[in-house]
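Inspection log for the structure reproduced underneath, given as structure tokens.
Just so it is clear, the values below take in all heavy atoms, side chains as well, and ignore hydrogens, waters and symmetry mates. Below, chains carry the letters A, B, ... as their sequence lines are ordered, and counting in each starts from 1. Only a predicted model underlies this, so the values are computations on that prediction, with no experimental measurement involved.
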Protein chains: 2
Amino acid sequence: MHDDNSSSKNEQESVLRGGEMEASVGYRLRLAQILAYRNFEEKITDHGVAPRYLGLLGIVSANPGQPQNKLADAIGLQKSSLVTILDRLEKEEILERRAIPQDRRARGVWLTPRGEKVVTELAARAADHEERMAKGIPAEDRERLIEMLGHIIDNLRS
Amino acid sequence: MHDDNSSSKNEQESVLRGGEMEASVGYRLRLAQILAYRNFEEKITDHGVAPRYLGLLGIVSANPGQPQNKLADAIGLQKSSLVTILDRLEKEEILERRAIPQDRRARGVWLTPRGEKVVTELAARAADHEERMAKGIPAEDRERLIEMLGHIIDNLRS
DNA sequence: ATTGTATTGTTCGTCTTCGTACTATTTATT
DNA sequence: AATAAATAGTACGAAGACGAACAATACAAT
């Protein structure tokens, strides 16, 4: 039915490749993300937990004072998951939660001055990582890639 | 410095968008993957834990009898993480571990007949999911997308 | 042959995320 | 105004993945 690589002595150094499944958007999306995330975290050891949540911090920087559930939606996490994350980032004085006058249930999120600085520095390193990751893909195609990913995100949100 | 949406009454239903960061491959890769994974799992409630590990099962189906560390590499997980996963899939009789004559340390992984059937069925549903996810992207671009993701994966592996 | 090094699979403790339930507040309905 | 329904944030227990350490086996170097 399928090849059985273990029967003969054709052991390669190469990574296993799957069937049709392996050539799907879903499969490669996942694998690429796992590798990218790990790769980025391995290279950045300072700044505490901030690197791991750089995406969130970017959103907060661009949209200061937003309530937590909106932030959770933006990055695709549960609001309950965000609590612990924000607790830690607040303890490290990257950001802070403050009351919002409009809604006494909500607590808006702002970056601290230190947080802004950290984000700026990490963004530069993220750009390096981006470059390494997409090396060999022409700029034009990269833009198209980003566009298509945005398209997929929109499809999945509706 | 930045807009402060909370000051005026321009509350939209729309999701927050970040700064330059938001338009990066890394950011969208992660967000798209999170949404895709959740979306897929929400829609498929039967077949136990198999749907979550369909990627792995596809690899096993295409490469029967491979040792566990090769499988871990292929899907970007730690070999220690794979142990629990395989335990569960084995308990559900989707796959089985058997000794390999060539190396007495290793235990190769095979799909059971039932596992093969489950994979076939899930693959069809994954194709549906794929279609929903990529709706609106022409087939030609989709291929290019898959190709670029593969390129990124290769870059991250080296 | 023997000794040292690398590899395979596993266990174990830790960290992260999730899902559910709960409180406080806001919004909608009567 | 009074009551019902929805929403924001949080706490807590469960599940998943990680990293480090370990035993068994394989490979390499002398």
Side-chain angles (χ1 to χ4, degrees), chain A residues 6 9 11 13 16 30-31 33-35 37-42 45 48-56 65-92 95-110, chain B residues 6 9 11 13 16 30-31 33-35 37-42 45 48-56 65-92 95-110:
Chain A
S6 66
K9 257 293 177 192
E11 306 285 330
E13 294 297 319
L16 297 179
R30 174 162 177 79
L31 182 51
Q33 192 274 321
I34 290 175
L35 295 177
Y37 207 59
R38 229 208 282 308
N39 209 288
F40 184 62
E41 281 208 322
E42 273 171 7
T45 55
V49 290
R52 164 169 269 163
Y53 303 112
L54 180 56
L56 167 64
Q66 289 295 319
Q68 305 183 21
N69 65 349
K70 279 211 167 187
L71 295 175
D73 276 357
I75 61 175
L77 288 192
Q78 302 297 118
K79 56 181 182 171
S80 62
S81 308
L82 206 56
V83 173
T84 327
I85 296 171
L86 294 179
D87 283 349
R88 239 169 324 159
L89 288 168
E90 199 165 23
K91 189 166 292 174
E92 296 184 8
L95 52 78
E96 58 186 357
R97 290 182 263 213
R98 293 206 304 266
I100 293 178
Q102 290 87 19
D103 189 337
R104 284 191 303 171
R105 292 169 302 182
R107 304 180 66 194
V109 179
W110 280 264
Chain B
S6 65
K9 255 298 175 190
E11 305 284 332
E13 293 298 319
L16 298 179
R30 175 163 176 77
L31 182 51
Q33 192 274 321
I34 290 176
L35 295 177
Y37 208 58
R38 227 208 285 306
N39 207 287
F40 185 62
E41 281 208 323
E42 274 171 5
T45 56
V49 290
R52 163 169 269 161
Y53 303 112
L54 179 56
L56 167 64
Q66 290 295 320
Q68 305 183 22
N69 65 350
K70 280 213 166 186
L71 294 175
D73 276 358
I75 62 175
L77 290 191
Q78 300 299 117
K79 56 182 180 169
S80 62
S81 308
L82 205 57
V83 174
T84 327
I85 295 170
L86 293 180
D87 283 350
R88 237 169 327 157
L89 288 167
E90 199 164 22
K91 188 166 296 175
E92 296 186 5
L95 52 78
E96 58 185 356
R97 292 182 262 213
R98 294 206 303 265
I100 294 179
Q102 289 88 18
D103 189 337
R104 281 192 306 169
R105 294 170 300 181
R107 305 179 65 195
V109 179
W110 281 264

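At dG9(D), none of the side-chain N or O atoms of Arg98(A) fall inside 4.0 Å of OP1 or OP2 (strictly under the cut-off). When the side-chain nitrogen and oxygen atoms of Arg88(B) are compared with OP1 and OP2 of dG16(D), one or more of them lie within a distance under 4.0 Å. Considering only side-chain N and O atoms, Tyr37(A) lies nowhere under 4.0 angstrom from the phosphate OP1 or OP2 of dT16(C). Taking only side-chain nitrogens and oxygens, Gln78(B) comes nearer than 4.0 Å to OP1 or OP2 of dG19(D).
Of all nucleotides listed (dT7(C), dA8(D), dG19(C)), dT7(C) comes nearest to the side chain of Asn69(B). Closest contact between the side chain of Arg38(B) and the listed nucleotides dT17(C), dC18(C), dG9(C) involves dC18(C). For Val83(A), the side-chain atoms get nearest to dT10(D) when compared with the rest of dA17(D), dT10(D), dC18(C). In this structure, the nucleotide among dT17(C), dG9(D), dA8(D) sitting nearest to the side chain of Gln68(A) is dG9(D).
To the nearest 0.5 Å, the span separating CG on Leu54(A) from CZ on Arg30(B) amounts to 11.0 Å.
At a cut-off of 3.5 angstrom, counting only N and O atoms as typed in the model, there is a donor on one side and an acceptor on the other between the side-chain of Ser80(A) and the base of dG19(C).
Remark: P of dA17(D) and CD of Gln33(B) are 11 Å apart, rounded to the nearest angstrom. Note: CG (Leu71(B)) to P (dT8(C)) measures 12 Å, nearest angstrom. The distance between atom CD of Glu42(A) and atom C1' of dG19(D), rounded to the nearest whole Å, is 12 Å. Going from atom CD1 of Ile85(B) over to atom C1' of dG9(C) covers 14 Å, rounded to whole Å. Here dT7(D) presents its C1' atom at 15 Å from CZ of Arg104(A), a figure rounded to the nearest Å. Spacing between atom NZ of Lys79(A) and atom C1' of dA24(C) amounts to 12 Å, rounded to whole angstrom units. Atom CG of Leu77(B) and atom P of dA15(D) are 19 Å apart (whole Å).
Among the protein residues, Leu82(B) comes within range of no part of the nucleic acid, since none of its heavy atoms lies under 4.0 Å from any strand.
The closest side-chain heavy-atom distance from Arg52(A) to Tyr37(A) is below 4.5 Å.
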